[in-house]
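When reading the values below, keep in mind they use all heavy atoms of this one structure, side chains included, and skip hydrogens, waters and symmetry mates.
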Number of protein chains: 2
Amino acid sequence: MLTQASLPSNVIKARHAGADTGVGAIEMIGTMMSFARNAEIYGEGEEVEFLYKVISGTVRTYKVLADGRRQIGAFYLAGDLFGLEAGDDHSFSAEAVSDSKVLVIKRSAIFALAARNSDVARQLWNLTTRELRRMQSHIMLLIKSAHERVAGFLLEMADRSAASSEFDLPMSRQDIADYLGLTIETVSRTLTSLENAAAISIPSARRIVLRDRAALSALSG
Amino acid sequence: MLTQASLPSNVIKARHAGADTGVGAIEMIGTMMSFARNAEIYGEGEEVEFLYKVISGTVRTYKVLADGRRQIGAFYLAGDLFGLEAGDDHSFSAEAVSDSKVLVIKRSAIFALAARNSDVARQLWNLTTRELRRMQSHIMLLIKSAHERVAGFLLEMADRSAASSEFDLPMSRQDIADYLGLTIETVSRTLTSLENAAAISIPSARRIVLRDRAALSALSG
DNA sequence: CGTGATCTTGAGGGAATTCAATGTCGGTGG
DNA sequence: CCACCGACATTGAATTCCCTCAAGATCACG
């Protein structure tokens with residue numbers, strides 16, 4: 001356990017239920033920070049200094065290619081941990097999709113903790129393997145057709161939301177497009193098409209109701 | 001499929017230069033096995049029991065969707081480690097692309113070693129982060145155009161080959177297509193087009209000579 | 001209400017796929 | 001030795017899917 005003296009004055013000792021995410025003690029020490037919509041949390045190329053936990057809101061990680069194309073690597077919802085990357089520097093940038101509260105934990109504190117506490121080490125490992133699985137399913141999405149990608153994305157978001165058959169999309173169509181490797185128009189048209197096929201309904205642009213999960217699953221390849 | 005019974009009698013204590021791959025002691029104990037072209041090394045859904053090091057030949061990991069589409073997750077060349085996955089079960093299958101020799105190491109032996117030897121633990125971590133980076137760049141490939149994917153793939157293979165400007169492709173066009181999320185025809189056409197553009201030459205189907213690496217880089221997005 | 005941002009819809013074109021045929025290479029048996 | 005065969009690769013033609021460019025529609029917010 002770290003001593004009070006070793007921490008900045010504004011540290012909050014926040015206690016959260018860790019069982020749901022399986023990460024326990026890691027997030028028990030950190031600083032709460034707020035980020036406005038579209039605010040940068042960290043930038044590509046910066047040193048990896050912190051681990052982050054989304055308390056409220058949504059975060060996206062992304063990379064911009066030389067020609068301006070943007071690829072979104074992941075969306076992180078409330079409860080998700082992010083910021084742990086391969087190597088010492090961030091290969092992605094992170095931004096708040098909507099106004100967000102994020103618990104910021106010093107990486108060095110975690111690694112110090114992990115060295116002495118095998119439970120923490122295992123939690124770090126769990127976090128990493130979860131990230132690996134996430135990337136694998138992202139790859140499986142990206143090889144599919146537009147309909148399959150969008151259907152798969154909706155199912156993923158539904159699984160990650162509390163109420164699994166009805167939820168709000170925190171991100172714009174552009175964000176979804178950049179996550180799925182499609183254009184904004186294709187995303188929009190595909191959503192409309194899924195609605196016409198009675199697989200979903202879209203009471204408002206950001207609200208999704210799953211009407212026929214089986215049809216969506218079949219569509220998602 | 002491997003059985004535990006096949007291991008004890010013929011264990012080889014193999015010593016390899018570990019500096020190049022940064023994995024040192026991990027591969028010092030294991031069993032050498034040979035796999036014929038297209039032979040299965042492990043199957044999707046099987047328990048993760050071993051870690052593997054390619055000694056010679058090439059290995060592919062892949063997943064087959066319900067409708068028969070195959071996605072190749074990665075190619076592993078001589079010197080590469082593979083088989084370490086998120087979770088207790090393999091989410092991909094692994095096959096020999098060409099006749100291959102593979103060093104098979106018990107997972108439990110490695111983890112036992114890692115528990116006592118922090119150097120081994122760090123090597124395991126390095127292996128994992130390398131896998132994360134590989135997946136990230138795979139994702140970045142998959143959002144691009146066919147020309148960019150193929151150009152990027154060739155550059156990747158060149159970097160991983162000894163002679164970086166001229167090399168043999170161990171895998172078929174179908175393998176490349178399934179790795180890049182394209183059809184075999186598109187891969188073939190794109191290679192021909194790159195040759196016509198004087199970026200590469202293809203003395204034989206499996207042989208690639210990089211003629212204009214700058215052009216390829218530009219093409220690869 | 002206006003104004004800008006976001007989203008949807010339409011028309012047309014281009015890129016990749018599909019279906020089909022031909023070409024090439026390595027191995028095997030006559 | 002070489003002719004044949006099967007596997008692999010290339011090429012062609014037509015189609016489909018997604019993108020681009022463009023115009024409206026809707027929504028959030030001052």
Sugar-phosphate only, base, or nothing, as touched by A:S172 at under 4.0 Å among non-hydrogen atoms: sugar-phosphate

Separation of D:dT16 C1' from A:K144 NZ (nearest whole Å): 20 Å

B:D88 atom CG, neighbour heavy-atom count above 12 within 6.0 Å: no

For atom CG of B:L194 and atom C1' of D:dT10, their distance in whole Å: 15 Å

Length of the CG-P vector between A:D178 and D:dC19, whole Å: 11 Å

Length of the CZ-P vector between A:R37 and C:dA5, whole Å: 11 Å

Sugar-phosphate only, base, or nothing, as touched by B:L182 at under 4.0 Å among non-hydrogen atoms: sugar-phosphate

Touch class at under 4.0 angstrom, heavy-atom based, for A:R206 against every strand present: sugar-phosphate

Single hit among B:V104, B:V102, B:L81 for side-chain contact (heavy atoms from CB on, under 4.5 Å) with B:K53: B:L81

Reference residue B:F82; test ring pair (Phe, Tyr, Trp, His ring centres under 6.0 Å); the match among B:F50, B:F75, B:Y76: B:Y76

d(CG, A:D175; C1', C:dC7) in whole Å: 13 Å

B:H90 side chain to B:E85 side chain, donor-acceptor N/O pair below 3.5 angstrom: yes

Rounded distance in Å - CZ (A:R207) to P (D:dA28): 14 Å

Per A:T192 side chain, nearest of listed nucleotides C:dA16, D:dT10, C:dT9: C:dT9

Polar contact flag, side-chain donor to acceptor under 3.5 angstrom, A:T186-A:T183: yes

Nearest-angstrom distance from the residue atom CG of A:L169 to C1' of C:dT8: 15 Å

Give every pair of a protein N or O atom and an N or O atom of nucleotides 20-27 of chain D that lie under 3.5 Å apart, one pair per line with the distance.
{"from": "D:dT20", "atom 1": "O4", "to": "A:R189", "atom 2": "NH2", "distance (Å)": "2.8"}
{"from": "D:dC21", "atom 1": "N4", "to": "A:E185", "atom 2": "OE2", "distance (Å)": "2.9"}

Between B:S91 and A:Q136: side-chain donor-acceptor atoms closer than 3.5 Å: yes

Donor-acceptor contact below 3.5 Å, side chain B:R173 vs main chain B:E185: no

Atom-to-atom span, CD1 of A:I184 to P of C:dT6 - whole angstrom: 9 Å

